[in-house]
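For reference, the structure discussed in these notes is given below.
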Number of protein chains: 2
Amino acid sequence: MARRKEHTHDEIRAMATAAVLQHLAVESLDSLSLRKVAQVVGYVPSTLVNLFGSYQGLLLAVAELTLDQLYQCLVSNAQVSQAYDSNPLEAMANAYQQFAFEQPRAFQLIFELKATDEQGLSEHHARLIAQLFALIESCLGELLPELSGEQRLLASRALWGGVHGLVCLALDDKLFAPGISIEEAIRHHIAVQLKGLGYHKEALCC
Amino acid sequence: MARRKEHTHDEIRAMATAAVLQHLAVESLDSLSLRKVAQVVGYVPSTLVNLFGSYQGLLLAVAELTLDQLYQCLVSNAQVSQAYDSNPLEAMANAYQQFAFEQPRAFQLIFELKATDEQGLSEHHARLIAQLFALIESCLGELLPELSGEQRLLASRALWGGVHGLVCLALDDKLFAPGISIEEAIRHHIAVQLKGLGYHKEALCC
DNA sequence: GCAAAATAAAAAACAATGTTCATAATAAGA
DNA sequence: TCTTATTATGAACATTGTTTTTTATTTTGC
């Protein structure tokens with residue numbers, strides 16, 4: 001095997017995804033290009049195509065990486081909240097929101113990357129989202145053990161669909177709720193949702 | 001004034017937006033291009049740039065047009081549901097979902113079009129979204145007249161944020177709720193949300 | 001060890017994109 | 001009718017992702 005430079009394939013992959021993330025931390029996605037990434041990491045476009053299949057493949061790798069971080073963030077926040085005996089769902093929702101607002105462009109990349117590619121979403125990508133929902137379901141099961149399986153499934157989707165929708169709209173300034181922060185909106189959503197499900201332990205915020 | 005062809009500017013604009021919509025009805029957005037649109041309508045790229053400012057401007061015009069349709073669709077569905085004395089919120093949510101699934105690519109265009117352009121979202125675009133929320137607020141006010149202004153604001157955002165989030169996730173097959181339709185999920189969400197808000201008139205679906 | 005094959009990275013070529021600019025064609029005004 | 005302003009156009013431009021070809025390096029076979 002030939003190697004002209006001092007990096008392994010995995011190293012180049014890591015450098016490339018890091019470069020994309022670093023760009024997204026500051027600028028929009030469509031001001032980025034495969035060629036720019038290549039220049040930053042000191043390689044050439046075709047090399048990255050060899051490693052990721054395509055530019056889209058590189059972006060998908062970044063999306064998976066970010067999704068991974070997000071999932072880990074939620075898990076640890078849920079654990080911390082358990083230690084403090086507070087509502088883990090609210091803790092996770094807040095972590096979700098915070099993550100999204102701290103790196104909005106990377107966050108949006110996760111969900112705006114269309115599955116229209118002939119290869120579709122990767123197995124890993126899909127599994128991560130599914131795991132995220134499983135996490136919600138599990139929390140919900142602890143809070144409301146009397147729910148049936150299907151009820152818990154429905155409730156978890158409604159709960160997180162709401163959090164996700166609120167975050168997405170707020171990220172693009174499309175919530176149009178003057179004087180109301182995203183934190184408030186999420187807290188309200190969760191409180192109302194839990195109350196609607198029959199959970200009475202926590203006081204409502206309104 | 002000069003005119004080499006038989007169309008006014010408004011006619012060309014209408015033709016161009018129609019061409020985009022027709023494409024989105026079948027294929028993805030990134031298989032479209034300004035040049036293809038120009039060819040379809042029988043004009044030349046620079047002409048469309050003159051009329052829309054840029055390709056992005058054309059897409060934004062399409063997004064506004066679609067948003068307009070969506071709003072009208074919701075309004076009429078709310079009215080019909082009032083005539084039948086059923087829940088207008090559920091009727092609108094269903095119309096929202098149906099609209100999104102009937103023309104997914106056009107629907108996504110509304111929300112995925114970043115405001116990162118130097119010009120940002122148009123006044124009209126923003127007003128339409130705000131009107132949509134006002135519609136929800138108004139319905140909510142009729143169902144739950146005892147809510148305060150801020151409570152109604154919060155409730156409307158949580159309610160519609162949830163509908164929007166569920167629809168967005170479902171559109172991309174990222175809901176991962178086997179055996180559960182988007183209609184069920186939305187019905188559940190609205191029922192739980194209304195119950196959580198203290199509305200008892202309607203029976204819950206679960 | 002050395003030649004030959006394999007392979008990785010780079011370079012170059014390609015087709016397609018959005019946008020810009022100069023030009024030619026048309027309508028309006030005198 | 002001639003001038004002037006305007007409008008659509010066509011060519012030019014820079015940039016894009018991808019494909020193909022070339023070059024350089026490492027591994028393999030003897």
Side-chain angles (χ1 to χ4, degrees), chain A residues 1-20 23-24 27-63 105 109 112-120, chain B residues 1-20 23-24 27-63 105 109 112-120:
Chain A
M1 293 195 183
R3 186 147 306 131
R4 303 206 15 176
K5 292 228 172 178
E6 64 274 30
H7 304 106
T8 70
H9 281 184
D10 280 345
E11 283 175 333
I12 300 179
R13 265 189 274 260
M15 286 160 56
T17 51
V20 172
H23 177 97
L24 288 183
E27 273 187 75
S28 116
L29 175 62
D30 37 59
S31 70
L32 188 62
S33 74
L34 176 61
R35 296 175 118 100
K36 288 182 187 168
V37 177
Q39 185 159 3
V40 168
V41 301
Y43 281 82
V44 107
S46 50
T47 298
L48 296 181
V49 169
N50 279 344
L51 294 182
F52 292 99
S54 66
Y55 182 43
Q56 189 96 192
L58 165 57
L59 297 183
L60 210 129
V62 174
R105 284 164 291 269
L109 186 61
E112 288 183 3
L113 217 48
K114 295 282 159 300
T116 63
D117 303 318
E118 51 182 12
Q119 61 183 7
Chain B
M1 295 196 180
R3 187 146 304 129
R4 302 206 16 175
K5 292 224 172 185
E6 63 275 27
H7 304 108
T8 70
H9 280 184
D10 281 344
E11 283 174 333
I12 300 179
R13 267 189 272 260
M15 286 162 55
T17 50
V20 172
H23 178 97
L24 290 182
E27 274 188 74
S28 117
L29 176 62
D30 36 58
S31 70
L32 190 61
S33 74
L34 177 59
R35 294 174 119 101
K36 287 181 188 170
V37 177
Q39 186 160 5
V40 167
V41 303
Y43 281 81
V44 109
S46 49
T47 298
L48 295 182
V49 169
N50 279 345
L51 294 181
F52 291 99
S54 66
Y55 182 43
Q56 189 98 196
L58 165 56
L59 296 183
L60 209 130
V62 174
R105 285 164 291 269
L109 187 61
E112 286 181 7
L113 215 49
K114 295 281 158 304
T116 62
D117 303 316
E118 50 181 11
Q119 61 185 5

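Proteins come first, then strands; the chains are lettered A, B, ... in the order of their sequence lines, and each starts at number 1. For clarity, every value in this text was computed on a predicted model and none was experimentally measured.
The interatomic distance linking Leu58(B) (CG) with dT19(C) (C1') rounds to 14 Å, in whole Å. Atom CG in Leu51(A) sits about 10 Å away from atom C1' in dA8(C), given to the nearest Å. If you take CD1 of Ile12(B) and C1' of dT7(D), they are 10 Å apart, rounded to a whole angstrom. Here dT15(D) presents its P atom at 11 Å from CD of Gln39(A), a figure rounded to the nearest Å. To the nearest angstrom, C1' of dT16(D) lies 14 Å from CD of Gln56(A). The nearest whole Å value for the distance from the NE2 atom in His9(A) to the C1' atom in dT26(D) is 12 Å. Atom pair Asp30(A):CG and dT15(D):C1' shows a separation of 14 Å (rounding to whole Å applied). Distance, His7(B) NE2 to dA8(D) P: 12 Å, rounded to whole Å.
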Tabulate protein N/O versus nucleotide N/O from nucleotides 14-17 of chain C, keeping only pairs under 3.5 Å, one per line.
unit_1, atom_1, unit_2, atom_2, d
dT17(C), OP1, Ser33(B), OG, 3.2

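Leu109(B) is not listed as a side-chain neighbour of Leu60(B), based on a closest heavy-atom distance of 4.5 Å or more.
Heavy-atom minimum distance, Leu113(B) versus Gln56(B): CD1-OE1, 3.7 Å.
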Worksheet item: Do Ile12(A) and Leu48(A) pass the side chain to side chain contact (heavy atoms under 4.5 Å, CB included) test, and can you show the C-alpha distance, the side-chain angles, and the key distance before you say yes or no?
Response: CA-CA 8 Å; Ile12(A) 300 179; Leu48(A) 296 181; 4.1 Å; yes

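In summary, the side chains of Ser28(B) and Asp30(B) do present a donor paired with an acceptor at a separation below 3.5 Å, with no hydrogens or angles considered.
Applying the 4.0 Å criterion to OP1 and OP2 of dG18(C), one finds that Ser54(B) has every side-chain N and O outside that range.
Closest to the side chain of Val44(A), from the set dA11(C), dT18(D), dT19(C), is dA11(C). Nearest to the side chain of Ser46(A), among dG10(D), dT20(D), dT18(D), sits dT20(D).
In this structure Ser31(B) satisfies the side-chain hydrogen bond (donor to acceptor under 3.5 Å, both in side chains) test together with His23(B), Glu27(B), sequence neighbours excluded. Every residue was checked against the side-chain hydrogen bond (donor to acceptor under 3.5 Å, both in side chains) condition with Arg105(A), not counting sequence neighbours, and none meets it.
Of the possible donor and acceptor atoms, none in the side chain of Thr47(B) sits under 3.5 Å from a partner among the backbone N and O of Tyr43(B).
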